[in-house]
Amino acid sequence: MRIIISQLYAFLALAAAASGVHAAPANKCVINGSVTYQQSPCPSTQPRKDPTLEELNAAERARRAAAASSAAAETPRTASSAPAAVSSSFRCDGRKYCSQMSSCTEAKYFLANCPGVKMDGDNDGIPCEEQWCRP
């Protein structure tokens, strides 16, 4: 029994020591055509040139323009279901249910523009059919 306990303590001590050891990251360097791995950064024969603010701004503008053009190409623009004048008079304010609406137009705006609304039980795209938007 004593041997088992001493072996258990030795195992636990070894496990605790092993878990505390962290390996340093290795850097893969190519020096004169041969690949080496080392803990310190790779030596460089060229001086590092930090980019200027103008270069960084130009690169960011180019990245944003590319992202905007790819997004425009992927998703075509669709017309809003609510008229512009009506949509400006409503705003998503947390209301979810038909009993909180005051018109069919308001319910349609909330269904089209606000997340988490519960106004279209049969999922036919017409909200509040029993209170406001009767067919």
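Below, each value reflects all heavy atoms present in this structure, side chains not excepted, and no hydrogens, waters or symmetry copies. The first residue of the sequence shown is numbered 1, and numbering continues consecutively from there.
The nearest pair of heavy atoms linking Phe110 to Val117 is O-CG1, 3.7 Å. Taking every heavy atom of both residues into account, Ala66 and Ser69 meet most closely at O-OG, 3.0 Å. Across Asn113 and Cys92, no two heavy atoms sit closer than the pair O-SG, 3.6 Å. Considering all non-hydrogen atoms of both residues, Cys133 and Lys108 come closest at SG-CE, 4.3 Å.
Considering OG of Ser103 and CZ of Phe90, their distance stands at 4.5 Å, rounded to 0.5 Å. With values rounded to the nearest 0.5 angstrom, Lys118 atom NZ is found 12.0 Å from Cys98 atom SG. Annotation: the span from Tyr97 atom OH to Gln131 atom CD amounts to 13.0 Å, rounded to 0.5 Å. To the nearest 0.5 Å, atoms CH2 (Trp132) and CD (Glu106) are separated by 8.5 Å.
With a 6.0 Å radius and a threshold of 12 heavy atoms from other residues, nucleotides or ligands, Leu53 has its CG atom above the threshold. Atom CD of Gln39 sits in a sparse spot, with 12 or fewer heavy atoms from other residues, nucleotides or ligands closer than 6.0 Å.
The closest donor-acceptor contact from the side chain of Asn27 to the backbone of Ser40 lies under 3.5 Å. At distances below 3.5 Å, at least one donor-acceptor pair connects side-chain atoms of Asp120 with backbone N or O atoms of Asp124.
For a disulfide, the SG atoms of both cysteines must be under 2.5 angstrom apart; this fails for Cys104 and Cys128.
Take Glu54 and apply the salt bridge (Lys or Arg N to Asp or Glu O under 4.0 Å) test, not counting sequence neighbours, and it matches no residue.
Between Arg91 and Asp93 there is no salt bridge, since no side-chain nitrogen of the basic residue lies less than 4.0 Å from a carboxylate oxygen of the acidic one.
Linking ILVMFWY residues whenever their side-chain heavy atoms come closer than 4.5 Å, directly or via other members, leaves Leu111 and Ile126 in distinct clusters.
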